[in-house]
Amino acid sequence: MRMSQLMLPTERDAPADAQALSHVLGVRAGLVRQLGAGLWTWLPAGWRAHQRVTVIIREEMDAIGAQELLMPVLQPRDLWAKTGRDTIEEVFRLSDRRDSELVLAMTHEEPVTFHVSQVVRSYRDLPLILYQLQTKARDEPRPRAGVLRTREFVMKDSYSFDRDEAGLEESYEKHIGAYDRIYDRCGLEWYRVDSGVGMMGGSGAHEYMAPCPAGEDEIALAPGYAANVEVATAQAAPATPGAPLDAPAEVETPGATDIETVAGVLSVSPDALLKAFPVVTDAGEFVVAIVRGDHRVNEGKLEIALGERCRPATEEEIASQLGPPGYVGPVGTGARVLLDEAVAVQGGGGWICGANREGFHLQGVEPGRDFDFEAVDIRRVEAGDRVAGGEIRLEPAIEVGNIFKLGTRYSEALGATFLDEEGVERPIVMGSYGIGPARIVAAAIEQNADENGIAWPKAIAPWEVELVGLGKPGSDEQAAAERLYAELQAAGVSVLYDDRDAGPGEKFTDAELLGCPLRLTVGRKSLESGQAEAQGRRGLVALEGPDLAGGTAAAVAALLDGLP
RNA sequence: CGGGGCGUGGCGCAGCCUGGUAGCGCACCUGCUUUGGGAGCAGGGGGUCGCCGGUUCAAAUCCGGCCGCCCCGACCA
């Protein structure tokens with residue numbers, strides 16, 4: 001590709017509203033442009049990178065026997081009503097000129113299951129893995145960070161159909177193999193982490209997470225352990241409660257309504273306190289969740305422990321059920337208490353909690369003796385917790401894919417059944433699996449950029465080589481660059497040729513911004529030496545320049561082999 | 001949905017408080033010079049100042065309403 005003919009609108013300045021690095025560099029390097037909130041156009045160079053990702057995805061999906069198809073984005077709402085998903089807030093709903101109700105698909109479980117329900121009759125038709133690369137539309141509450149969270153995006157979504165749980169397990173394992181290879185080949189740093197199955201039910205799920213500063217999620221990592229903090233579990237460092245007492249004793253703590261202040265007034269560390277987190281469940285039950293003072297409640301884990309959704313209690317509810325907000329505790333209330341395992345496991349007396357009386361706390365509290373409780377894991381893990389002997393660290397990360405054992409939720413709702421060997425009708429056991437190529441591109445930028453711009457992994461760079469010609473029009477230098485460009489093209493090298501009539505500074509700066517792995521320069525110096533200059537983008541390292549006299553393309557290919 | 005901020009040429013911004021010819025840098029066009037890290041000189045083109053209404057002799061500027069966009073939080077099968 002000749003840069004003089006390429007639509008590559010590079011910018012010296014970042015857009016004023018850009019925060020995330022992939023957003024800033026994506027726009028500055030001319031990869032993407034915004035059309036509206038969460039609506040992005042892929043410009044030619046950016047789309048090349050996106051395409052390279054989808055090529056890798058197709059190769060690996062095909063390799064596990066998955067079959068590609070394409071389903072509409074626009075779908076009848078009726079279909080979605082059958083699974084109850086038509087009322088999800090994120091689903092765009094619209095109607096046509098005849099007032100027929102339609103939705104824009106956020107994923108494609110409904111249509112794919114519909115088709116399979118019509119086609120699959122017998123156990124002999126299974127297993128089946130179907131996939132597509134298709135646009136998804138989601139009415140996101142808050143699009144953000146450029147291409148990281150958008151309202152419309154391309155997704156690779158695949159769906160597995162099996163006779164039973166064992167078959168699903170096999171399909172799931174196949175996807176794990178394919179996904180591991182895809183992210184490796186794309187040059188990402190990634191983790192496969194346990195994730196919650198959420199409100200959709202199902203029997204297991206993992207997320208593929210790429211660590212990067214702009215990530216919206218947090219993952220907990222330890223040697224041999226990786227989980228989304230939403231579901232992570234670990235052992236807490238022991239707390240240091242005070243001396244046990246024969247019975248809880250009131251102590252004056254005027255004005256001390258938060259953990260820090262109480263700990264300060266009583267000269268103890270926050271981990272000696274019990275933090276009460278009163279909630280009201282969907283069913284209307286008032287429950288007091290309790291974690292250590294230095295811990296935080298993980299509301300998702302709390303809901304799993306409760307078995308239903310809940311919300312924080314209002315101040316009025318707290319006042320009427322327990323006592324003055326800021327001074328509440330579990331002792332003498334009769335309320336149902338869920339006590340976090342970090343406290344329950346350590347046990348003992350000497351804990352401090354609110355006395356349910358304005359200006360007072362209780363010392364020497366002992367769970368079990370002074371209040372009844374159910375021991376559950378409801379806290380958010382903290383950096384420094386331990387799991388399997390290793391220490392947890394937390395990292396921000398972006399979700400670049402997920403795999404999910406759906407079970408029979410969709411097949412039952414849509415009547416996707418088959419006859420087994422005994423002639424018994426059974427629901428098909430399903431899995432669903434997603435990958436966001438745009439997020440792979442964004443994560444690759446985030447993970448591989450420096451102050452000069454992007455430093456693409458070779459496998460997904462828009463071009464592998466950028467050839468910078470420095471000669472002015474009609475010069476010997478320009479003629480040499482033209483010859484080299486023609487030779488590289490003929491040899492099938494992926495090359496972008498900067499043939500613009502521009503100064504060297506501008507060309508070098510743009511080359512570093514766009515970030516192709518190998519930069520070749522042909523100018524006065526290279527004519528004198530008989531070699532093109534070569535520089536690797538990662539670290540801007542000088543490489544042995546390929547000879548211009550002959551065999552240059554082979555030498556360039558060898559150089560590329562040595563680059564990441 | 002709650003909080004905060006911003007809409008002036010392709011990009012980045014000033015002007016608004018205190019109403020009176022719409023400006024600056026970059027980019028762009030023409031000519032000449034220049035060519036190894038974002039060149040110089042000269043000339044030139046491009047903006048209903050987000051939209052609607054109000055006040056006024058006069059509105060980018062003041063007032064009201066609406067729309068759009070960004071950030072933080074909530075949310076995120």
Side-chain angles (χ1 to χ4, degrees), chain A residues 7 9-20 23-24 27-28 30 33-40 80 83-91 103 105-110 136 138-146 148-151 155 157 159 195-202 205 207 214-217 228 230 299-300 309 311-312 398-399 402-407 409-410 413 430-434 436 452-453 468-475 477-478 481 498 500-513 519 521-529 532-533 535 540:
Chain A
M7 186 197 187
T10 57
E11 295 290 344
R12 193 186 297 236
D13 300 311
D17 48 27
Q19 308 285 322
H23 183 183
V24 171
V27 173
R28 283 194 57 213
R33 278 282 165 105
Q34 186 172 17
L35 190 61
L39 301 171
W40 287 82
W80 285 61
T83 56
R85 293 213 303 168
D86 60 325
T87 54
I88 291 175
E89 280 193 318
E90 277 187 315
V91 175
V103 299
M106 54 186 292
T107 60
H108 281 73
E109 279 84 358
E110 280 82 359
K136 309 295 177 225
R138 294 186 184 180
D139 192 356
E140 287 287 345
R142 183 152 99 81
R144 58 176 291 272
L148 274 187
R149 186 163 209 86
T150 56
R151 293 196 288 179
M155 183 182 208
D157 47 323
Y159 306 91
S195 66
V197 293
M199 294 198 299
M200 295 306 298
E207 289 166 337
E216 306 181 295
D217 293 304
N228 192 315
E230 301 292 330
E299 291 189 45
R309 302 295 296 260
R311 60 168 173 83
I398 183 72
E399 181 186 350
N402 62 57
I403 54 179
F404 199 110
K405 295 179 192 171
L406 285 176
R409 175 195 154 89
Y410 290 90
M430 291 176 55
S432 83
Y433 316 84
N452 299 311
V468 176
L470 291 182
K472 46 183 146 179
S475 64
E477 292 93 324
Q478 192 203 32
D498 191 346
R500 295 174 300 171
D501 184 18
E506 190 173 350
K507 293 186 176 187
F508 290 143
T509 305
D510 273 351
E512 279 147 24
L513 184 56
R519 188 183 86 197
T521 307
V522 174
R524 179 172 39 79
K525 287 186 204 162
S526 37
L527 282 198
E528 287 166 4
S529 69
E533 287 160 69
Q535 186 188 64
L540 300 176

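By convention in this document, chain letters (A, B, ...) are assigned in the order of the sequence lines, proteins followed by strands, and residues within each chain are numbered from 1. These figures come from a predicted structure and were not determined experimentally.
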So what does [X] hit on the nucleic acid, given a heavy-atom distance under 4.0 Å: a base, only sugar-phosphate, or nothing?
{"X": "A:Thr10", "result": "nothing"}
{"X": "A:Gly434", "result": "nothing"}
{"X": "A:Glu89", "result": "nothing"}

Among [options], which is the nearest nucleotide to the side chain of [X]?
{"X": "A:Glu512", "options": "B:A74, B:G36, B:G37", "result": "B:G37"}
{"X": "A:Pro473", "options": "B:G36, B:U35, B:A74", "result": "B:U35"}
{"X": "A:Arg142", "options": "B:C72, B:C69, B:G37", "result": "B:C72"}
{"X": "A:Thr509", "options": "B:G38, B:C70, B:C76", "result": "B:G38"}
{"X": "A:Arg144", "options": "B:C71, B:A74, B:G36", "result": "B:C71"}
{"X": "A:Arg519", "options": "B:C69, B:G36, B:G37", "result": "B:G37"}
{"X": "A:Arg12", "options": "B:A27, B:G36, B:C76", "result": "B:A27"}
{"X": "A:Asp510", "options": "B:G38, B:U35, B:G36", "result": "B:G38"}
{"X": "A:Glu506", "options": "B:G36, B:C75, B:G38", "result": "B:G38"}
{"X": "A:Phe508", "options": "B:G36, B:U35, B:C69", "result": "B:G36"}

Pairs touching residues 504-513 of chain A that satisfy salt bridge (Lys or Arg N to Asp or Glu O under 4.0 Å), sequence neighbours left out: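 Salt bridge (Lys or Arg N to Asp or Glu O under 4.0 Å) check on residues 504-513 of chain A returns A:Arg500-A:Asp510, A:Glu512-A:Arg519.
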Quick check: any donor-acceptor pair below 3.5 Å linking the side-chain of A:Arg28 to the base of B:G12?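 When only heavy-atom distances are counted, A:Arg28 does not reach the base of B:G12 through any donor-acceptor pair under 3.5 Å.
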Side chain A:Glu11 and base B:G10 donor-acceptor under 3.5 Å: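 Donor-acceptor pair under 3.5 Å: no.
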Would you mind reading off the distance between [X] atom [atom1] and [N] atom [atom2], rounded to a whole angstrom?
{"X": "A:Gln19", "N": "B:C70", "atom1": "CD", "atom2": "P", "answer": "11 Å"}
{"X": "A:Leu148", "N": "B:C75", "atom1": "CG", "atom2": "C1'", "answer": "17 Å"}
{"X": "A:Lys507", "N": "B:G38", "atom1": "NZ", "atom2": "C1'", "answer": "13 Å"}
{"X": "A:Asp217", "N": "B:C75", "atom1": "CG", "atom2": "P", "answer": "13 Å"}
{"X": "A:Asn402", "N": "B:C76", "atom1": "CG", "atom2": "C1'", "answer": "12 Å"}
{"X": "A:Leu39", "N": "B:C69", "atom1": "CG", "atom2": "P", "answer": "8 Å"}
{"X": "A:Glu140", "N": "B:C1", "atom1": "CD", "atom2": "P", "answer": "15 Å"}

Any-strand Watson-Crick or G-U partner of B:G43, both distances under 3.5 Å: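 By the stated definition (distances under 3.5 Å), B:C29 pairs with B:G43.
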If the threshold is 4.0 Å, N to carboxylate O, is there a salt bridge linking [X] and [Y]?
{"X": "A:Arg138", "Y": "A:Glu89", "value": "no"}
{"X": "A:Glu109", "Y": "A:Arg85", "value": "yes"}
{"X": "A:Glu477", "Y": "A:Arg524", "value": "no"}

Check for a donor-acceptor pair, side chain of A:Arg151 on one end and backbone N or O of A:Gly38 on the other, with a separation under 3.5 Å.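 A pair under 3.5 Å: no.
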If only atom types and distance count, is the side chain of A:Arg28 paired as donor or acceptor with the main-chain N or O of A:Pro9 below 3.5 Å? no
For A:Tyr433 and A:Ala37, take the nucleotide of RNA chain B holding the closest heavy atom to each; which residue's nucleotide lies nearer the 5' end?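 Looking at the nearest nucleotide for each, A:Ala37 comes out on the 5' side.
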A:Thr521 or A:Ser432, whichever maps to the more 5' nucleotide of RNA chain B: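 The residue closer to the strand's 5' end, by nearest nucleotide, is A:Thr521.
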Please determine if a side-chain N or O atom of A:Lys472 lies less than 4.0 Å away from the OP1 or OP2 oxygen of B:U35.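 So the side-chain polar atoms of A:Lys472 do come within 4.0 Å of the phosphate oxygens OP1 or OP2 of B:U35, strictly under.
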Ignoring backbone atoms, test whether A:Gln34 places a side-chain nitrogen or oxygen under 4.0 Å from the OP1 or OP2 oxygen of B:C70. yes
Kindly write out the residues that satisfy salt bridge (Lys or Arg N to Asp or Glu O under 4.0 Å) with A:Arg144, not counting sequence neighbours, or none if the list is empty.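 By the salt bridge (Lys or Arg N to Asp or Glu O under 4.0 Å) rule, A:Arg144 matches A:Glu216.
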